[in-house]
*Asks:* 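Handing you this structure, nothing more for now.
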Amino acid sequence: MAHQRVLTAQNDDFPQWYQDVVAKAELADNGPVRGTMVIRPYGYAIWERIQSEIDQRIKVAGARNAYFPLFIPQSYLAREAQHVEGFSPELAVVTYAGGEELREPVVVRPTSETVIGEFMAKWIQSYRDLPLLLNQWANVVRWELRPRLFLRSSEFLWQEGHTAHASAHDAAAYARRIHLEVYRDFLVNVLGVPVLEGIKSPRERFAGAINSLTCEGMMRDGKALQMSTSHELGDNFARAFDIRFQDESGESVWCHTTSWGASTRLVGGLIMAHGDDDGLVLPPRLAPVQVVVVAVRDEAPVVEACERIASSLREVGLRVEVDRGRASLGRRITEWELKGVPVRVEVGPRDLADGVVTVARRDGGRDTVAPDQLAAQLPAVLETIQSELLERATERRDATTVETSSLDEAVEAAQSGFARLPWSLVGEDGERRLNEQAVSVRCLQRPDATTPESADETDLVCVVARAY
RNA sequence: CGGGCUGUAGCGCAGUUUGGUUAGCGCGCUGCGUUCGGGACGCAGAGGUCCCCGGUUCAAAUCCGGGCAGCCCGACCA
C-alpha cells in the first residue's frame, strides 16, 4: 500500500502519535475546563460499541441497570476510612449552590460505592433479597493534574457494578465471574487485546477493597494499561452503611459487597494496543463501521453500485457506510485508514467495466472480488481480521514479556514490556523500590498465569511494567 | 508544590535579540475553473483585542513592571 504519512510515527514520539490519532481520527477534543474531554461522534460511536458489548455481558451475569445521583453528601465518603483517604485528593466538591453556601458540601461522585451502599441498606432485609446485582452507566469526576484524552481525564464515562451477597464466598465468586466472563471475555474476544489477568498487590488495591482483580493490557510502546477492575469489598462498606440481612436462622449479618468498572479509558487502550503509523486499527467485532464502500467517482452508476453493495452487506448483518464524498480519492482513503475501518470496498468505473470491485484490508492486502460474492465472503474476512489482530497482539505481548529472577532484571525488562518474577522476591519493600524507578506491580498471578483467589496463595508470580 | 518553556488567524508556527509603513508563512476554510484508481493544481478571497493591565516612546507583537493562562519534567489515580 502506497500512502501518505499523516501522523507522527510511533517510533519517533509515541505520545505525539497518540494525540495525532485522537485529533485526526476525530475521536475527541479537549474541553474548555482543563482535564475535561469532548468526545466527538466517531469516538462516541466506538464507546457505544464498547458499552453495548459490555452491557450485554453484564446482563448475562444477572446484574440490572439503575441510576444513582451525581451528587453525594460529603459525609458519605467519610464513613469508610480508606475509601475517603484514597479519594480525597481528587474530589470535586460543591460548596455553593442555589445562591448560597451549602450547609453540607456535596461531592461530585468519584465512584458510587457510598450512595449505592446507602440504598442497598434500605432495600436489603432478608437473605431472600440477595444477591442484589446492580450496575450503572454514568460519568464520574476525579480531578486530574495531568490529563490525557481518554486515558486520564477529570471527568470520564464508565460502568460501575455494585453487588451485595450473603457471604464472602459468594461475593468473591461473583467478582471473579465479572472479571472473567465480562471483562476478560470482552477484552480478548471483542477488543482483541490479550490481557494479563490477576489480582492487585495490597498497595495497588482499590481504596476500601479487600481484593482487586484486574485485566492489564500491553500497549504498543511497551507500557501497561489497566483495562478493568473488579473488587471484593468484604464487609467494609456493609459495616459503614449498615447493609445487613436476616439469614435463614433469623440472625442479622453483614452483607459482602463487590464493585467493578471499566471506563472510556478503554478507548485509549484500544488506540494504543492496535494502532499503527497510519492511524487507528479497529477490531471488526468492535468497529462502528466494519466496511466502508468507497465510490471512486461521484457518478450515478458508481454510486448506485455502491448502494447496492452496501445493502447486500447490511442484509448479512454488517455495519456498512457508503462514502461518495467530494474530496479526492486519496484523501478519503487516508481518512478511513485513520479511522481504522477494517475493510474498504472500492468501486470505480474501471471496476464496474471489469465486473469486479476492489477489497482492501486495513491490516494490509487487497484483492478484486465479484460484487455479488461480497456478502458471502466479507463476514469471514472480518473474522479472519479479528483473529489475526488478536494473534499479532499476542505475539507482541509474548515477545515483550520476560521471566526474571531479580528486581534489577525486572526493572530492566520493564523498560520495554512486562517482567514476571516471584512475588516472594518483591514484597512491600521491593514494590517501593520498583515504584521509585517508575515501574509498578501490575498484578499477581498464579504460575500458570490465571487469577489467584487472594494474595495469600503461595508461589504467586508478580507482573511488573511501566504503566499509564 | 519544585525545575524548564510558551502565549501572534480554526490548527501549527515565524517575526521579538536591534521598537519603525498595511503583522507574515504552512495547513485548514470560502468561491470559480481544471483535475480525479492513494492526502491534486491554478486563480481569487475570508479570517487577527499579537494573553491581560499599566509604563516608556513621535511610534510597542517587539523594551520595562505587574498579572493571568497553558505546556513539559519530578510524588498519586480507571
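All values reported here derive from a predicted model rather than from experimental measurement. Within every chain, numbering begins at 1; the chains are lettered A, B, ... in the order of the sequence lines, protein sequences first and strands thereafter. Every heavy atom of this structure was used, including side-chain atoms; hydrogens, water molecules and symmetry mates were not.
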*Asks:* Under 4.0 Å between a side-chain N/O of A/Arg331 and OP1 or OP2 of B/G28, yes or no?
*Replies:* yes
*Asks:* When you measure from the side chain of A/Arg297, which nucleotide among B/G38, B/G37, B/C36 comes out closest?
*Replies:* B/C36
*Asks:* Could you please name the option among B/A78, B/G38, B/G37 that lies closest to any side-chain atom of A/Phe156?
*Replies:*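 Of all the options, the side chain of A/Phe156 is nearest to B/A78.
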*Asks:* Of the listed nucleotides (B/A78, B/G38, B/G37), which one gets closest to any side-chain atom of A/Ser263?
*Replies:*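 Closest nucleotide among those given: B/A78.
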*Asks:* Have a look at A/Ser212 and say if it touches a base, only the backbone sugar-phosphate, or nothing, with a 4.0 Å heavy-atom cut-off.
*Replies:*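 If one applies the 4.0 Å heavy-atom cut-off, A/Ser212 turns out to touch nothing in the nucleic acid.
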*Asks:* For A/Pro110, which contact category applies under a 4.0 Å heavy-atom criterion: base, sugar-phosphate, or nothing?
*Replies:* nothing
*Asks:* Quick one: which of B/C77, B/G38, B/G37 gets closest to the side chain of A/Glu90?
*Replies:*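 Nearest listed nucleotide: B/C77.
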*Asks:* Less than 4.0 angstrom between a side-chain N/O of A/Thr334 and OP1 or OP2 of B/G38, yes or no?
*Replies:*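 Checking B/G38 against A/Thr334, no side-chain N or O comes under 4.0 Å of OP1 or OP2.
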*Asks:* Base contacts versus sugar-phosphate-only contacts with protein, heavy atoms under 4.0 Å: please encode nucleotides 1-9 of chain B as B, S and - from 5' to 3'.
*Replies:* ---------
*Asks:* Nearest whole angstrom, please: distance from the C1' of B/G37 to the CZ of A/Arg350.
*Replies:*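 Distance, rounded to whole Å: 5 Å.
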*Asks:* How far apart are the C-alpha atoms of A/His231 and A/Ser212, what are their side-chain angles, what is the distance that settles it, and do they pass the side-chain hydrogen bond (donor to acceptor under 3.5 Å, both in side chains) test?
*Replies:* CA-CA 4 Å; A/His231 312 290; A/Ser212 290; 2.6 Å; yes
*Asks:* Roughly how far apart, to the nearest Å, are B/G15 and B/G48 at atom C1'?
*Replies:* 15 Å
*Asks:* Pairs counted only when both distances fall under 3.5 Å, Watson-Crick or G-U: show me the 5' to 3' dot-bracket for RNA chain B, [ ] for pseudoknotted crossings and | for other-strand partners.
*Replies:* (((((((..((((......[...)))).((((((.....)))))).....(((((..]....))))))))))))....
*Asks:* Select from A/Glu144 and A/Ser328 the residue whose nearest nucleotide in RNA chain B is closer to the 5' end of that strand.
*Replies:*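 First, find each residue's nearest nucleotide; the 5'-ward one identifies A/Ser328.
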*Asks:* Would you mind telling me which of B/A78, B/G37, B/G38 lies closest to the side-chain atoms of A/Thr229?
*Replies:* B/A78
